[in-house]
Amino acid sequence: MARTWQWFHRWGSPPHVFHAGRQWQLGFGVAGFALLMLGWVWGLAFAPVDYQQGNSYRIIFLHVPVAFLAQSLYMAMAAAGLVLLVWKMKIADLVIQATLPIGAVITFLALVTGAIWGKPTWGTYWVWDARLTSMLILLFLYLGGMALRPALPSDVAGRAVALLLVVGVINIPIIKYSVEWWNTLHQGATLKLTERPAMPASMWVPLVISILAMYCLAGFWVLQRLRTLLLLRESKAKWAREWVGEKYGL
Amino acid sequence: MRDVALNWNDLGAAMRPVMFFALVAVSFPLGLGADPQLLREVAPGLVWVAALLSVLLALDGLFRDDVLDGTLEQWLLSDLPLSLTVLSRVTAQWIAHVLPVVLMGPLVALGLGLTFDTALILMATLALGTPTVMLLGSLGSALLAPARSGSGLLGLLVLPLFIPILVFGAGTTMAYAGGAEVSAQMALLGAMFVAALSLLPAAIAAALRIVTGG
């Protein structure tokens with residue numbers, strides 16, 4: 001128990017997060033880049049051609065990782081929001097601030113790659129399918145979170161955003177469920193993929209590698225923003241001055 | 001009660017959402033064309049979208065004056081739990097601003113060619129659904145209470161949260177018009193209302209505490 005709390009306190013301290021975060025960032029960056037190269041070269045050049053979709057299915061190696069990530073990042077932010085509301089750990093606010101725009105971009109990317117994939121397979125860029133629609137709503141949830149902060153006085157904005165995210169995360173399953181109900185009520189499966197054979201390993205292994213790579217890269221990106229935000233917030237603190245002084249010889 | 005009475009004193013403001021609702025509803029036939037078949041098909045969704053927009057109007061600045069003039073601090077100091085005070089405030093606002101929309105809804109629906117029975121079901125979904133929407137929206141209002149320009153942002157924050165209610169509210173009515181049994185959907189709308197009623201007042205109170213720095 002004591003160890004856990006110690007761990008908790010250490011990751012609440014800005015200099016520790018800043019310096020240890022640098023190591024983690026390096027690790028994530030290297031691992032993410034290597035895995036992405038491996039997954040993409042394997043997936044794009046060596047994985048077999050899909051017998052129904054031809055080569056167009058290969059966008060899966062970008063689309064599925066970002067779609068996974070879009071939802072995971074929201075969950076991660078909501079968890080950080082809970083930490084901020086319950087334990088009032090200030091670092092959690094910065095984690096949210098660092099993650100929000102990244103999550104929004106990733107969600108947008110998931111929608112765009114999905115649309116690009118939809119054109120050759122379904123014959124249209126967009127259908128009001130349950131999954132597409134709930135993804136679009138997720139994008140709006142991200143944008144709402146981003147828009148709230150600048151509208152509020154800065155001392156309360158962090159916790160307000162956190163509360164919004166926590167309520168949003170409770171709503172996500174309800175939204176998903178209702179959208180699925182709505183979709184099955186209204187349209188038959190006209191534009192669904194037809195029966196697809198289970199993926200052979202030569203397709204799903206590079207896919208899993210790409211997903212892992214994307215998570216690592218997201219970790220890299222979030223840490224980059226988090227450390228920059230820390231430096232900005234703590235620009236008067238001794239450790240921050242020392243680090244900048246050392247690095248840039250000021 | 002005092003809130004309801006105050007709202008009635010300012011009848012003009014209280015009538016704004018329902019007038020807005022009527023105008024939006026009238027705009028749809030003008031925009032879509034007067035084809036009765038088409039209008040009948042889209043009527044439930046249309047009435048529901050118009051109702052959601054008028055709820056947004058009713059939510060605008062719900063807690064802003066309370067934060068600005070210090071009423072909220074009195075609430076915080078009072079013996080009543082803040083969530084109860086908030087609940088009564090939201091209820092009063094719903095009665096004064098949204099209830100007229102609920103009553104007006106079936107009239108609009110009849111005008112769009114729905115049968116009497118379907119219009120009654122529509123009214124039932126509105127009566128069950130708009131309180132939930134009102135509570136969800138009040139959370140957004142509470143978060144935006146100290147914001148200078150809240151109204152545009154409110155829609156962005158809370159409309160995504162309204163979606164389940166919109167889906168079930170309009171969907172139930174459409175299913176009924178199509179001849180299906182709808183008690184299960186009604187029960188779901190009711191369940192969402194009960195869940196919202198039990199959880200959201202506390203969340204709204206928490207939001208008000210946060211934005212006042214308490």
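Sequence lines set the chain letters: A, B, ... in the order given, protein chains first and strands last, and positions in each chain run from 1. These figures come from a predicted structure and were not determined experimentally. Quick note: numbers below take in every heavy atom, side chains included, and nothing from hydrogens, waters or symmetry partners.
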When rounded to the nearest 0.5 Å, the distance separating CG of A:L164 from CG of B:L161 is 7.0 Å

One should read off an interatomic distance between A:L143 CG and B:L157 CG, to the nearest 0.5 angstrom, of 11.0 Å

Bottom line for A:L152: the part with an atom under 4.5 Å from chain B's heavy atoms is side chain

> Are the side chains of B:L143 and A:V161 in touch, meaning some heavy atoms are under 4.5 Å apart?
Replying inline: no

The interface call for B:L166 against chain A, heavy-atom contacts under 4.5 Å, is neither

Any side-chain heavy atom of A:L85 within less than 4.5 Å of one from B:I210? yes

Separation between CG (A:L141) and CG (B:L159), nearest 0.5 Å, reads 11.0 Å

CG (A:N171) and CG (B:L136) are apart, to the nearest 0.5 Å, by 6.0 Å

* Asked: Mind checking whether B:L139 and A:L163 have side chains closer than 4.5 Å, heavy atoms only?
  -> yes

Heavy atoms of A:A147 and B:L153 approach each other most closely as CB-CD1, 3.2 Å

With chain B, the option among A:T133, A:L148, A:L138 that has the most non-hydrogen atom pairs under 4.5 Å is A:L148

Taking CZ in A:F108 as the centre, count heavy atoms belonging to other residues, nucleotides or ligands within less than 6.0 Å. Is the count above 12?
no

If one checks every heavy atom of B:I165 against chain A at 4.5 Å, the contacting part turns out to be neither

